[in-house]
Amino acid sequence: MSEQIDITVTVNGEARSASVEARRTLADVLRDEFGLTGTHLGCEHGVCGACTVLVDGAPARSCLMLGVQADGADVTTVEGLATDHGMSTLQEAMWERHGFQCGFCTPGFLMQATALLQENPHPTEFEVREALSGNICRCTGYQSIVDGVLQAARSTTDHPQEADQVSASQVEL
Amino acid sequence: MTIQAGARFVGASVKRSEDPRILTGRGNYIDDIVLPRMVHAAFVRSPLAHARITEIDAATAREAPGVLAVITGEEMAALVTPGGYGIAGLFGVDKPDYCALANDKVRHVGDPVAVVVAQTRALAEDACELVEVDYDDLPAVVTIDQALDPASSPIFEDLGSNVILPPSTKVFGDVEAAFARADRIVRARISQHRYQNVPMECRGIVASYDPTSQDFLIWSANQGVQPARQGLAARLGVPVEKVRVRAGDIGGSFGLKTGSSREDVAVAVAAKVLRRPVKWCEDRFEHMCSAGQARDERYDIEAAVMDDGEILGLRADMVVDSGSYPGMGAMVSGLAMEMLPNAYKIGALSFTASAVVTNKATYVAYRGPWASETFVRERLIDLVALELGKDPLEIRRRNVVGQDDHDAVMVTGRTLAGVTNRESIERAAQLIDVPAFRRRQARAREQHRYLGLGFASFIEPAPGPRRTPDEPLGVMGPEPMRMALADDGHLLVYTGQMPHGQSHQTTLAQVAADEFGVAFDQVEVVVGDTDVVPSSLTGGSLSATMAGGAAVVSARALRAKVIAVAELLLEASAEDLEIVDGAIAVRGISSSALPLAELVASARAPGRLPDDVDTTFEASETYDGGAGGWSGGTHAAIVEVDLTTGLVSFERYVVVEDCGDIINPAVVDGQIRGGVAQGIGAVLLERSAYDEDGQFLSATFMDYLLPTALSIPFIEIEHLPATRTDEIVNFRGVGEGGLIVSTPTVCNAIEDALAPFGARIYEEYCPPSRLLELAGVIPTA
Ligand code: FES
Ligand code: FES
């Protein structure tokens, strides 16, 4: 067995520590050490995007990043999107638009789209498709997911106070 | 679109009850299951396509850190009962002989030869590397032609040859007369390449065994928990009562996760040997080379046609490459034969079918396993049009069946009454505005831009009408359902359907809520536990009709029971009572309303009702499919082929379809769009590739390309007003059609775009290199 290394990561606003094998990925650490099974693994070679989380606010493939590389980082997973007050604008919009079917790709799309909307609150349809083109969904044909992101962008404009859904103060549902 | 008086939920795009858990990361997928003392399995897999195993040395692996057990094929053979696995096991196919793990020879790259169980998956994988397997190479049989050669190395010695299904011919109508009368005969060899389901979640199982009770508890990502249980019990050699199978959320399947796989059985055996829970979650490499692949079929087909475009008859000779182990491959030709004439007035058919085995992954069901018939027929119609110098639309119009053709019967036997294919073709043509497109296409060609228009039309048996008056229409017979009124007034619906994206927990709740008289959120649809759900499986696009129908009849039966009790409690007659919004009331007197929870409590209060009154508030009913009926429609695509890159872009993709009464429009549209996306992927991107030695070349998502949000266009969908074929239940399935008909639609559009180059498409796979060959930009390889 390879060496164990102690790491501390802020996950969804909460400081979490673990002693992990150097070869374990961030996805392994989130799922196995922290019990956050919302992050899914669809390929483990960086193509499908199901494992996408936000690391210091930017989308990252948690299957390609080692757990030890996340030491000291601020990580947001799909479990961190909803607040005590309910689902995020994006999650609500996805529910409304029947964004997903089997739900396996869902965490990756939600994290990728969350990052997109933070950077570009009013994307065009093409910008949405482009931003999501590194995530694979086998069920939906993408249209419902794109519709969900566009609807979230519209609702955020209608309710500007809800705009910034991801913050360090969020707690798990 | 409401289907009965008072319907509130059926016909509306009700938000899914699955979504709150799925959207917040609280789903319960197979890899999320963690049991106390659980350990992890990994498989040693063959690097060769065809070889004899001469020796396995697992001594070093057994001593490796964290390793608890290594079970080789030979050891496994002593621990399982012989017979079939997966869908073959489900249908009782027990020849040829093989085992959960390869024990004499390996038959494809990825064939499992040993299972290693260790404290973690990583340690199990480390130890797999230490298992030394000696192989004696055998010649690989990779193509249909090689397999048909009697001199090819037999993959199963007990079969004698590589032809697993010898050719047999069936004739419908007067084929000789049709071909004698024809003005001309159009011939083609048309094939579908090999591609695969690729659900985003790979296969997986968590097996545990209680040595005291000798019971297995199995968590399995599976399209039906009861069939999985039967398959496991049969191979484990125990009565079904000793196996409980549960399933949580499932990350897609599309036909693949049916029955119990060889790996499932091996993991359950390991759990018994170790007396500890064992988890196996397949990785993507294993999935691509071993979980199963689909299609890989070839037709030699001839059409007897008149110069006006009438198709008098067909002769087809189909060969299926069923891969290595028995699966869907040898079973699929019967349905393909039955469906080939489809919604066309084709009066004669001669159909020869055979299947071969090759050193490739096993053929599994993939969304419309019989789809080759629609690909071949719709391709052939366009080739006939080219031959006759007519527009393909004209050929379809000349032969298609529409709503007025009340007496139309498919030459293979089933009635076509009620199909709306003429109507969907006309509507799709109207939406496209064909004359305007043809003008635009001509102008574009002058500027060396290549636009093309393709149509394809189909029906799918979802479930289809009955062949005989007493034939049940379900995959596994009539569909059972159990409903119970809980103490708190909730309606509990127990179904054998096992949703993996189809949204049954929403759609069945919609039907049950309307029929029983409660609000949608008062219904809970319970799935995935052999202890409580009846026997069925999700497949064949049948759940809308079969489970939807079972929900209608079960809700009615339970409602009658509730009303019978209410008659006594409220001293009113049944005709005057109604259940509305979770309360029972005397019609028109809202003050009389008694919430169902109170009804249950009063009915069960000691002494309140005579002892012989049934106060269980449960009903179990089965539904036989009623009159059944087809779903179907027409797709049309406008594409542009870029002759610099060979890439195809979509200007429009139009779907006009008829699936009867719609339970949830957003769910239906999602099924259609998802299927179309898979079809576009199949034609332009996806291929399960092998080299001439049977080496597998597409084991990662860098080699097996899947469509993304940029490759799939906006898909326009229009629903035709449904023809009602049954008195009560007119929901019909849409699970498979999107994939079935989209591949010929896309190929027809591409061929039209490349018409100036005389292109003819005979092969479904059209990657950029192939299109550049067809256009003469690069030489044909
Ligand atoms: S699991 Fe990380 S990209 Fe697929
Ligand atoms: S919803 Fe199934 S993979 Fe996207």
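Below, each value reflects all heavy atoms present in this structure, side chains not excepted, and no hydrogens, waters or symmetry copies. Order of the sequence lines fixes the chain letters, A, B, ..., with proteins taken first and strands second; residue numbering starts at 1 for each chain. Because the structure is predicted, anything quoted here is derived from the model rather than measured.
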Do you know which of B/D249, B/I680, B/I250, B/V34 has the most heavy-atom pairs with chain A at a distance under 4.5 angstrom?
B/I250

For A/S144, is it the side chain, the backbone, both, or neither that has a heavy atom closer than 4.5 Å to a heavy atom of chain B?
neither

Check each atom of B/F714 against the heavy atoms of chain A and say whether the ones under 4.5 Å are side chain, backbone, both or neither.
both

For chain B, which candidate among A/G38, A/G141, A/A131 shows the most heavy-atom pairs at distances under 4.5 Å?
A/G141

Shorter than 4.5 Å, heavy atoms on both sides: which option in B/D19, B/I22, B/L23, B/I672 has the most such pairs with chain A?
B/L23

Can you say whether B/D32 sits under 4.5 Å from chain A via the side chain, the backbone, both, or neither, judging by heavy atoms?
both

Counting only heavy atoms closer than 4.5 Å, note whether A/I136 contacts chain B via side chain, backbone, both or neither.
both

B/T700 portion near chain A, given a 4.5 angstrom heavy-atom threshold:
both

Quick one: what part of A/E96 sits under 4.5 Å from any heavy atom of chain B, side chain, backbone, both or neither?
both

Please work out which of the three classes, parallel, tilted or perpendicular, describes the rings of B/Y195 and B/Y366, given edges at 30° and 60°.
perpendicular

Proximal component of B/N28, with respect to chain A [non-hydrogen, under 4.5 Å]:
neither

Which atoms of B/V676 come close to chain A, meaning under 4.5 Å heavy atom to heavy atom: side chain ones, backbone ones, both, or neither?
neither

Heavy-atom pair count under 4.5 Å with chain A, highest-scoring of B/E18, B/E686, B/M702
B/E686

A/F104, part contacting chain B, at a heavy-atom distance under 4.5 Å
both

For the interface with chain A, which of B/P499, B/G27, B/G675, B/G251 has the highest count of heavy-atom pairs at distances below 4.5 Å?
B/G251

Which bit of B/F254 comes within less than 4.5 Å of chain A, counting heavy atoms only: side chain, backbone, both or neither?
side chain

Look at the aromatic rings of A/F109 and A/F100 and report parallel, tilted or perpendicular, splitting at 30° and 60°.
tilted

Against chain A, label B/Q671 side chain, backbone, both or neither, depending on which of its atoms sit under 4.5 Å from a heavy atom there.
both

Using non-hydrogen atoms only, which part of A/Q91 is less than 4.5 Å away from chain B: side chain, backbone, both, or neither?
both

